**Q** 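Here it is, the structure in full.
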Amino acid sequence: MSTRIPFLKGHGTENDFVIVPDPENAVDLPPAVVAALCDRRAGIGGDGLLHVVRSAAHPEAKGMAAEAEWFMDYRNGDGSIAEMCGNGVRVFARYLQRAGHVTEGDLAVATRGGVKTVHIAKDGDVTVGMGRAVLPEGDVTVSVGERSWPARNVNMGNPHAVAFVDDLSHAGDLLSPPPFSPAAAYPDGVNVEFVVERGPGHVALRVHERGAGETRSCGTGACAVAVAAARRDGADPTATGTPATYTVDVPGGTLVITERPDGEIEMTGPAVIVAEGEIDADWLDTATRA
């Protein structure tokens with residue numbers, strides 16, 4: 001390990017990440033190292049870590065190298081490996097632009113969830129192709145205290161329960177997972193979105209992400225909410241041939257979600273690099289041995 005390791009810090013609607021540029025996959029990032037870097041009091045702090053590697057240099061991404069030069073080796077803040085992060089992909093693309101690896105326009109990013117299409121606009125926003133939503137059949141209910149609501153079951157590669165409420169405060173503190181039924185609907189747990197109307201084609205949410213509690217932003221959650229809102233409003237682009245677009249306010253900002261007639265969902269929002277520096281390897285060695 002070199003004496004110092006470069007890093008950057010970025011966020012997308014306040015979903016924040018430590019970024020470690022490592023084109024040749026030379027930096028060892030075991031879970032303890034990632035957790036130390038993402039620690040908000042003793043480390044740099046972040047919801048996750050974006051390990052920036054050339055696809056050809058990473059064993060999990062070599063098969064995608066012909067389609068995408070760069071691989072987003074994404075890690076959760078606890079060090080565990082994750083398939084995809086919609087907000088993370090936008091910040092990943094912003095880093096590639098800042099570093100001079102790409103320019104405005106279209107690019108492809110390899111992830112464990114497959115190759116994602118990305119567009120960097122002149123106005124600074126970044127659009128990511130998020131794939132298609134699956135809408136499992138069956139009634140679902142979520143609860144907070146004495147209140148219960150019907151919820152729409154939406155799968156964006158991970159499970160979501162979307163409940164429309166009168167006031168976002170009804171979601172409570174979201175420190176613990178909101179109860180849901182039937183249990184068989186989500187055997188591995190679920191992300192729960194509570195949603196209110198802001199106007200035509202405009203909603204706001206709060207979300208409990210499984211394993212994390214309430215977060216400032218959830219890209220797949222915003223997509224799930226837009227799909228649920230469209231169906232509730234009688235819109236199904238795959239049936240009508242007309243795209244459905246919703247503005248989705250999250251606690252950390254605003255995302256714009258479009259479901260296309262082919263079923264593909266696009267998410268557009270900001271991506272910001274806020275700092276860069278160097279990680280002291282001696283500190284990191286000490287932190288991971290503690």
Side-chain angles (χ1 to χ4, degrees), residues 7-22 25 27-40 43-55 57-64 68 70-96 108-118 126 128-134 154-160 177 186-193 207-224 250 252 255 265 267 269 271:
F7 81 94
L8 298 90
K9 178 71 182 288
H11 76 91
T13 52
E14 298 182 11
N15 198 182
D16 63 332
F17 309 96
V18 178
I19 306 163
V20 178
D22 181 25
N25 198 28
V27 178
D28 188 24
L29 290 172
V33 169
V34 174
L37 291 172
C38 291
D39 188 295
R40 293 194 179 279
I44 297 167
D47 292 322
L49 183 143
L50 306 175
H51 184 206
V52 184
V53 186
R54 282 197 167 88
S55 298
H58 198 288
E60 292 183 72
K62 283 183 178 180
M64 296 179 277
W70 294 97
F71 173 54
M72 184 180 78
D73 176 16
Y74 181 68
R75 315 295 181 86
N76 293 315
D78 63 0
S80 60
I81 290 173
E83 287 190 353
M84 233 298 272
C85 175
N87 289 319
V89 172
R90 296 202 318 279
V91 175
F92 188 92
R94 175 68 72 233
Y95 163 74
L96 292 178
V109 174
T111 75
R112 291 185 178 86
V115 175
K116 302 300 179 183
T117 57
V118 180
V126 180
V128 179
M130 297 289 288
R132 299 167 180 256
V134 176
V154 183
N155 194 294
M156 286 297 307
N158 56 355
H160 297 267
Y186 303 109
D188 299 315
V190 63
N191 304 289
V192 182
E193 287 81 23
V207 57
H208 180 280
E209 291 196 59
R210 57 179 178 172
E214 183 171 16
T215 58
R216 301 287 295 170
S217 182
C218 177
T220 57
C223 293
V250 297
L255 297 166
I265 297 169
M267 176 178 66

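Just so it is clear, the structure is predicted and the values come from calculations on it, not from any experiment.
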**Q** Checking side chain to side chain contact (heavy atoms under 4.5 Å, CB included) between V109 and each of M64, R90, M72, which is the one that passes?
**A** M72
**Q** Hey, does N158 have a side-chain heavy atom less than 4.5 Å from the side chain of N191?
**A** yes
**Q** List in chain and number order the residues that pass ring pair (Phe, Tyr, Trp, His ring centres under 6.0 Å) with Y186, two or more places apart in sequence or in another chain; answer none if no residue qualifies.
**A** F180
**Q** Nearest 0.5 Å, what's the OG-CD distance between S217 and E209?
**A** 8.0 Å
**Q** Can you list the residues that meet the ring pair (Phe, Tyr, Trp, His ring centres under 6.0 Å) rule with H51, with sequence neighbours excluded?
**A** none
**Q** At their closest point, which heavy atom of D16 faces which heavy atom of G45, and how far apart are they?
**A** OD2-O, 4.0 Å
**Q** Would you call F17 and Y74 a side-chain contact if the rule is heavy atoms closer than 4.5 Å?
**A** yes
**Q** So, using side-chain contact (heavy atoms from CB on, under 4.5 Å) as the criterion, who are the partners of H208 when residues are at least two apart?
**A** L174, P177, P178
**Q** Within the 4.5 Å heavy-atom criterion, are R75 and I81 side-chain neighbours or not?
**A** yes
**Q** Compare every heavy atom of C218 with every heavy atom of V207, then report the nearest pair and how far apart it is.
**A** CG1-CB, 4.1 Å
**Q** Do D188 and P159 have side chains that approach each other closer than 4.5 Å (heavy atoms only, starting at C-beta)?
**A** no
**Q** For V53, does its backbone N or O pair with a side-chain atom of D22 as donor and acceptor, under 3.5 Å?
**A** no
**Q** Please check if the side chain of R94 supplies one atom and the backbone of A271 the other of a donor-acceptor pair under 3.5 Å.
**A** yes
